Amino acid sequence: MANIYKKVNTDLITGTEQSVYTAPSNSRALIKSIHVYNEGAGDAIVTVKITSGATTYFYEKKTIAADAHHEFITNILILEENDILKMLSDITGPDVTISLLEINRDDQNG
């Protein structure tokens with residue numbers, strides 16, 4: 001088993017739902033932080049969803065003022081194999097940083 005710490009960065013674009021992270025088929029992911037900073041000119045409505053199998057679940061929706069930030073995780077979010085973390089913004093400008101730990105079943109010594 002291997003533990004892999006990762007950081008994912010992305011920018012959100014107006015009206016485009018982005019798959020920002022997908023848990024690998026051999027792993028679980030413990031998401032510690034979804035930090036969003038809105039460098040856009042106005043308020044941004046940011047939505048976070050999780051797709052598991054054929055079903056998409058709403059996680060949180062937040063209005064973030066210009067030049068402000070929001071932390072979407074207050075504890076740890078667990079994603080199972082092949083779960084997809086998706087995000088959407090109504091404006092271009094929010095910067096996203098995700099910190100997570102992948103726990104996989106692969107042996108990294110071989």
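Just so it is clear, the structure is predicted and the values come from calculations on it, not from any experiment.
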Q: Dump the intermediate steps for side chain to side chain contact (heavy atoms under 4.5 Å, CB included) on Ser27 and Arg105, then the final yes or no.
A: CA-CA 7 Å; Ser27 302; Arg105 293 182 289 279; over 6 Å; no

Please list, chain by chain and in numerical order, all residues satisfying side-chain hydrogen bond (donor to acceptor under 3.5 Å, both in side chains) with [X], sequence neighbours excluded.
X     : value
Thr14 : Thr92
Thr97 : Asn9
Glu60 : His70
Ser52 : Asp83

Q.
My understanding is that only residues two or more places apart in sequence, or in another chain, count here; which of them pass side chain to side chain contact (heavy atoms under 4.5 Å, CB included) with Thr16?
A. Ile13, Gln18

**Q.** Pairs involving residues 36-51, ordered by first then second residue, that meet salt bridge (Lys or Arg N to Asp or Glu O under 4.0 Å) (sequence neighbours left out)
**A.**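 Those involving residues 36-51 are Glu17-Lys49.
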
(Q) Please list all pairs meeting salt bridge (Lys or Arg N to Asp or Glu O under 4.0 Å) that have one or both residues in residues 21-35, counting only residues at least two apart or in different chains. (A)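 Non-adjacent pairs meeting salt bridge (Lys or Arg N to Asp or Glu O under 4.0 Å): Arg28-Glu80, Arg28-Glu81.
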
Q. OG1 of Thr63 to CD1 of Ile45: how many Å apart, nearest 0.5 Å?
A. 4.5 Å

(Q) Let me confirm one number: the OH-CG distance from Tyr37 to Asp95, rounded to the nearest 0.5 Å. (A)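 Interatomic distance, Tyr37 OH to Asp95 CG, rounded to 0.5 Å: 8.5 Å.
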
Q: Could you list the residues that satisfy salt bridge (Lys or Arg N to Asp or Glu O under 4.0 Å) with Lys6, not counting sequence neighbours?
A: Glu102

[X]: which other cluster members, linking ILVMFWY side chains closer than 4.5 Å, directly or transitively?
X     : value
Ile84 : none
Met87 : Val8, Leu12, Val20, Tyr21, Ile31, Ile34, Val36, Val46, Val48, Ile50, Tyr59, Ile64, Phe72, Ile73, Leu77, Leu79, Leu85, Val96, Ile98, Leu100
Tyr57 : none
Phe58 : none

Q: For residues Ala44 and Pro94, report the shortest heavy-atom separation together with the two atoms involved.
A: CB-CG, 3.8 Å

Q: May I ask you to test the Thr51-Asn82 pair for a side-chain heavy-atom distance under 4.5 Å?
A: no

